[in-house]
Every structure is written in structure tokens, then in C-alpha cells.
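Labels below follow one simple rule: chain letters A, B, ... track the order of the sequence lines, proteins then strands, and each chain is numbered from 1.
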Amino acid sequence: MQYAAPRGTHDIMPDETPLWHWLEEKFRRVTRLYGYQEIRTPVFEHTEVFARTSGESSDIVRKEMYTFEDRSGQSLSLRPEGTAGVVRAYLQNGLNATMPLAKLCYIAPNFRYERPAAARYRQHHQVGIEAIGSQDPALDAEIIGFGRHYLDDVGLTGTALSINSVGCPNCRPAYREALQAFLQPLLPRLSEDSQRRFETNPMRILDSKDEGDRDLTADAPVMLEYLCEECQDHFARLQNHLLDLDIEFEVDRRLVRGLDYYTKTAFEFKHAGLGAQDTVLAGGRYDGFVEQLGGPPTPGIGFGSGMERVLEAMAADGIRPVASGPRPDVFVATMGEAAHKFGVSVLGQLRRDGIASEMSYGSRSLKSQMKQADRSGAQLALLLGDDELSKGAATVRWLQTSEQQFVELDELPRRVKELLDATREAPPVSPAPQE
RNA sequence: GCGGGCGUAGCUCAGUCGGUUAGAGCGCCAGGUUGUGGCCCUGGAGGUCGUGGGUUCGAUCCCCAUCGUUCGCCCCA
């Protein structure tokens, strides 16, 4: 093999795109129900945009960004996550002045230079939403409810929702101190990874997968005990809204987020069939974010959901909603050069009449063309040969029943449409995609 | 970035205790029907056995490196 796609990237081939379209449509439908409008931002931004907001210490900024200089020497980076670019666009286009609450959604690729693993890629695709401009916990509930709705529609009803509050700049510093005070004496006994986290992100230690760490930190202070009044109230009201909405959740006191910008609400939907990369949709509130990008103090909240992960979770659950891509209505088969030439113009006419049509190129036997017609999934085959040409007609063959008839050429579009309509009213026994 | 598994046809995989022409099923193409698809039969194309180096009379097989992939860790969607 001469060339392969770069490590951690993958091609989405024609036999898979129908499934991607299906998933995108599931998402778009929910965006309409909840009133989120699509935004499309550049695939790269000034590196500052991400460095500023994700936190200089986060792994994403430290070692996972695709950063490069353009010809003028400015530093640009491929988007590693969705929120930063959206907020940048929000400010640049003055939505803060024109939309009291901006409800935005996107479907876009993200890029991270990390070691590929199951359901983790260097280029992956996320659907996501952001709501910028309100601190109301009802909005947190809407965002989480959106996530639940989307996953349910996709068929992943078994995903478990965890929520937590990670506090705010008022209460987190005190908690961080208390946590570090607790961890200090344990430090030598913690895993290597956690020793490193002690400085960079001590809250992550609570989330460690190391069993020894888990035991040692069983009685560690948790953020919930240190929440300021405002954060406490916010978290309580969120839970009430979720209960009112019949959304099942569990409070995970150790749930944290990797990016520095999160405040208050953090949440994750996990799927059991995925192995180590089991988070299928995750997000949280980021009330200090807009300010960090130079805007006025503006609260915001959103989530991202990895499409590759959702598709793998679907596969693990045996959800296979789409059988195949679009099929032509009509397949034109010809015999002889004159008929082939004529077939080309018939094909063009059918298409102008709105009938999806194909034909065979190169000189293939009729048998081979019929085989192609069969595999194309077309309902009708149109046969053109010397007989038809001399009579000014075409043979129209209904592929399911093998019935066929001569049709005058000027009758053709009308007759073909009639036959196709009849088929649609009484759908044949083809394996219908399950909804 | 760290540790382990795997890499044989388009796909799923067999195989060689190191030995000459590397196999199957599916798929693809053609013929069996010089104007008719699905089933069946017959035939065909398609492989530098991931790549590079080493050991050997001889390597797809053993060793090393490298690339890719996969599982776990870090981190994350």
C-alpha cells in the first residue's frame, strides 16, 4: 500500500455515510425541538483562543494541539474542542449585544494529537450545543435534557447520567486548599500519575482509576461540601428540574472536568459497552469563559458528543438503523451502439423529470447490465435495443416481479412515474430500515 | 508520552515445526442463455504474506527496527 490515511484518522466510506447522515439528522431534529441554531466556525483558530480558555496546564493545550505557523509567522491551531471557537464567533459577531440568550449547535471535526485507541481518534467528529447568556439552572436542565433526548432518539437508552458541581472561582480555591492539605501526607503513597496531578489538577486525583488511589482518597473532602451558597443553590435547583423532567441521574461527587473553564454544573453520559473511552456525551457550565476571551461577564453552558463513540456504542448495542444509501428508481440497459447513444438522452430526460436514474457505461452484455440493475436497487429497468428503437418505444421491466411492457417514448416519463408511485404506495418486501 | 497483543487477496480468516507454483469463503469480472437480473454451475483477475534490515544455502514463518492497528494507562468526545 502506497499511502494510508495519517495515524488516528479514518475515511468514512460510501457504505457508512448513510449511517452518519442518519445520526446527524437525529441530532438536527432535536436541535429544532429545543431551538438551537447551527453555527459553523473555522477549523483552525489563533492558538491563543484555545490556550487562553482551556487552561495552560490542561493536557489539551500542553501536548495535544495541532499547532502550526502560517507563512506570516502567526501561530494557529486546529480546533481541539468546540466551545472556544463558538464563543469567539459569538463575541466577534456581536451576538452578546443582539441575542440575550444565544442557543447554538454544531457538527464538526475536532483534532487532538494523542495516541489513538478504541473510539479515540486524532480527527474525530462531535455534535455539540452551547447556550450563552443565562445562569438559570433551568437552562442547565435543558442542556442535559437535550443530551438525554438525543441519546434516547439514537437508541442508546442505557447510557447513565452523572452530574456534579465543580464550584466557581469563589469557592473552588478554598476547596483546592483543603484537598491539597488532605493529600499532602498521602503523597508518597499515591500513584505516580496522581503525584503529578497534585500540582496540576488535584481534583483529578479523586477521579483516578488506580485502586490504591481510590482507597487512600476514600475520605477525601469533595467539592460539594465546599460549595458557596450560590453554587449550592444552583446545584439543588438543577436537581429539582431534572426530577421534574423525569431525567434519571446520579450525583457523582468525584466527577471532574479536564478543562479549566468549567464552573458549577459538570455532567457526563457513559455507555457500558465501550471500554476505557466510555464517555459518549459530556459538558458543563463555563461562566467565566466569555470574559477570558475579552467579552463582558456572560454565563454559558454546553456539551459535546463524539460521533464515533456514539456509533460504536450503537454497534455494541446492536442498533443498525440504516441498511443502505440512496437507490435509483430506474436503471437503463441498452443493446448496441445506437441504443446506447439513445439511452444517454433517455437517461438525461428521466433525470430532468425528477426520476433518479442510472445506466451502465462501457459495452457490457445485457446480462451484466441486468445484474447491475438488480444490485443498484432500482425498481424499474428500462431496456433499449433494436426492437425498441424501431418501434419508438422502451421495454419497462418491473424488477421485483419480472413483468414488463412496451411503453411509447413520449409516454415514458408519465408511465414510469405511475409505476413508481404504485410501488411506493404498496412498498415491496425489501428490508425496510428500522426506525 | 508509557506498557502488552496483532499485521497473509477488496473483506473475514486458514497456513507454513524455516524449503520450490501461499489457500478458503464472501465480494468483483466473465461464460453457461449471440435480448433479460436474483438461484445454480464453470472459469478468471486480484497477494513485493505491512515496510526496512539481520540470521540462514534458503525467511511469509526466527531476530531487530519502523509504520499501522488494537487493549490498558495518561487524557478525553
(request) Flag the pair A:Asp278 and A:Lys270 as a salt bridge only when some basic side-chain nitrogen lies within less than 4.0 angstrom of an acidic carboxylate oxygen. (result) yes
(message) Please name the nucleotide paired to B:C40 by Watson-Crick or G-U wobble geometry with both distances under 3.5 Å, or report none.
(response) B:G32
(request) Identify the nucleotide, in any strand shown, that forms a Watson-Crick or G-U wobble pair with B:A59, with both distances under 3.5 Å; if there is none, say none. (result) none
(request) Let me know, please, whether A:Ala378 or A:Ala119 comes out on the 5' side of the other along RNA chain B by nearest nucleotide. (result) A:Ala378
(request) Once you apply the 3.5 Å cut-off to both distances, tell me the Watson-Crick or G-U wobble partner of B:A77, or none. (result) none
(request) For B:G38 and B:C29, measure between their P atoms and round to the nearest Å. (result) 12 Å
(request) In whole angstrom, give me the gap between the P atoms of B:A14 and B:U56. (result) 32 Å
(message) Just to be sure I understand the rule, does A:Asp210 reach a base, reach only the sugar-phosphate, or reach nothing, if contact means heavy atoms closer than 4.0 Å?
(response) nothing
(request) Could you tell me which nucleotide pairs with B:A65 by Watson-Crick or G-U wobble geometry, both distances under 3.5 Å, or answer none if nothing does? (result) B:U51
(message) Of the options B:G4, B:A30, B:G37, whose atoms approach the side-chain atoms of A:Arg364 most closely?
(response) B:A30
(request) Describe the nucleic acid contact of A:Phe303 in one word from base, sugar-phosphate, nothing, applying a heavy-atom distance below 4.0 Å. (result) nothing
(request) Give the intermediate values and the outcome of side chain to side chain donor-acceptor pair (under 3.5 Å) for residues A:Glu291 and A:Thr298. (result) CA-CA 7 Å; A:Glu291 249 180 304; A:Thr298 312; over 6 Å; no
(message) Measuring from the side chain of A:Lys209 (C-beta onward, heavy atoms only), which nucleotide among B:C74, B:G38, B:A77 has the closest atom?
(response) B:C74
(message) By the salt bridge (charged side-chain N to carboxylate O under 4.0 Å, His left out) test, which pairs, at least two apart or in different chains, include something from residues 389-413 of chain A?
(response) A:Glu411-A:Arg414
(request) Check every atom of B:G38, B:U36, B:C2 against the side chain of A:Met370 and return the nucleotide holding the closest atom. (result) B:U36
(message) Applying side chain to side chain donor-acceptor pair (under 3.5 Å), can you list everything that pairs with A:Tyr90, at least two apart in sequence or on another chain?
(response) none
(message) Considering every strand and a 4.0 Å limit on heavy-atom distances, what is the contact class for A:Ala282: base, sugar-phosphate, or nothing?
(response) sugar-phosphate
(request) Can you sort out which residues in residues 389-398 of chain A have a heavy atom within less than 4.0 Å of RNA chain B? Ascending by number, please. (result) A:Thr395, A:Arg397
(message) Regarding A:Gly336, tell me which of base, sugar-phosphate or nothing describes its non-hydrogen contacts under 4.0 Å with the strands shown.
(response) nothing
(message) Could you check whether A:Arg122 makes a cation-pi contact with A:Tyr113, meaning its NZ or CZ is under 6.0 Å from the centre of the six-membered ring and within 45° of the ring axis?
(response) yes
(message) Taking any heavy-atom pair under 4.0 Å as a contact, classify A:Lys367: base, sugar-phosphate, or nothing.
(response) base
(message) Looking at A:Arg120 and B:A77, is any side-chain donor or acceptor paired with a base atom of the opposite kind under 3.5 Å?
(response) no
(request) Report the base-pairing partner of B:G72 (Watson-Crick or G-U wobble, both distances below 3.5 angstrom), or none. (result) B:C2
(request) State which residues pass side chain to side chain donor-acceptor pair (under 3.5 Å) with A:Asp210; sequence neighbours excluded, sorted by chain then number. (result) none
(request) Would you check, one step at a time, whether the test side-chain contact (heavy atoms from CB on, under 4.5 Å) holds for A:Leu156 with A:His271? (result) CA-CA 8 Å; A:Leu156 296 176; A:His271 184 271; 4.0 Å; yes
(message) Without decimals, in angstroms, what is the distance between A:Lys371 NZ and B:C40 P?
(response) 11 Å
(message) On the nucleotide B:G37, are OP1 or OP2 found under 4.0 Å from the side-chain N or O atoms that A:Ser402 carries?
(response) no
(message) Could you identify the nucleotide paired to B:A24, looking across every strand shown and requiring Watson-Crick or G-U wobble geometry with both distances under 3.5 Å?
(response) B:U12
(message) Checking contacts here: which listed nucleotide (B:A30, B:G37, B:U36) is nearest the side-chain heavy atoms of A:Ser368?
(response) B:A30
(message) Could you work out, with salt bridge (charged side-chain N to carboxylate O under 4.0 Å, His left out) as the rule, every residue matching A:Arg415, not counting sequence neighbours?
(response) A:Glu418
(message) Distance check needed: B:C26 P versus A:Asp15 CG, whole Å only.
(response) 20 Å
(message) Using a 4.0 Å heavy-atom cut-off, does A:Val280 contact any base of the nucleic acid, only the sugar-phosphate backbone, or nothing at all?
(response) sugar-phosphate
(message) Regarding A:Ala381, tell me which of base, sugar-phosphate or nothing describes its non-hydrogen contacts under 4.0 Å with the strands shown.
(response) nothing
(request) Among B:U36, B:C74, B:A77, find the nucleotide with the atom closest to the side chain of A:Leu366. (result) B:U36
(request) Looking at every strand, decide which applies to A:Asp387 at a 4.0 Å heavy-atom threshold: base, sugar-phosphate, or nothing. (result) base
(request) Counting heavy atoms from C-beta on, name the nucleotide in B:G35, B:C75, B:C71 closest to the side chain of A:Glu388. (result) B:G35
(request) Quote, to the nearest angstrom, the P distance that separates B:U66 from B:G5. (result) 15 Å
(message) How many whole angstroms separate atom CG of A:Leu78 from atom P of B:C76?
(response) 19 Å
(message) Between B:C73 and B:C17, how many Å separate the two P atoms, rounded to a whole number?
(response) 39 Å
(message) Quick check on B:C74: is either OP1 or OP2 less than 4.0 Å from any side-chain nitrogen or oxygen of A:Arg197?
(response) yes
(message) Let's test your reading of the model: under 3.5 Å, does the base of B:C76 pair with the side chain of A:Arg204 as donor and acceptor?
(response) no
Show which side-chain atoms of residues 5-14 of chain A pair as donor or acceptor with protein atoms under 3.5 Å away, not counting sequence neighbours.
{"from": "A:Thr9", "atom 1": "OG1", "to": "A:Pro6", "atom 2": "O", "distance (Å)": "2.6"}
{"from": "A:His10", "atom 1": "NE2", "to": "A:Glu308", "atom 2": "OE2", "distance (Å)": "3.1"}

(message) At less than 4.0 Å, is any side-chain N or O atom of A:Arg7 found next to OP1 or OP2 of B:U69? Yes or no.
(response) yes
(message) Please verify the inter-ring angle class for A:Tyr34 with A:Tyr36; under 30° counts as parallel, over 60° as perpendicular, anything in between as tilted.
(response) tilted
(message) Does A:Gln404 reach a base, just sugar-phosphate, or nothing at all? Heavy atoms under 4.0 Å.
(response) base
(request) Could you measure between the two P atoms, the one in B:C71 and the one in B:G44, and give it in whole Å? (result) 40 Å
(message) If you only use heavy atoms from C-beta on, which nucleotide in B:U70, B:C75, B:C29 is closest to the side chain of A:Arg375?
(response) B:C29
(message) On the side chain of A:Ser365, is there an atom forming a donor-acceptor pair with the base of B:G31 - under 3.5 Å, no angle test?
(response) no
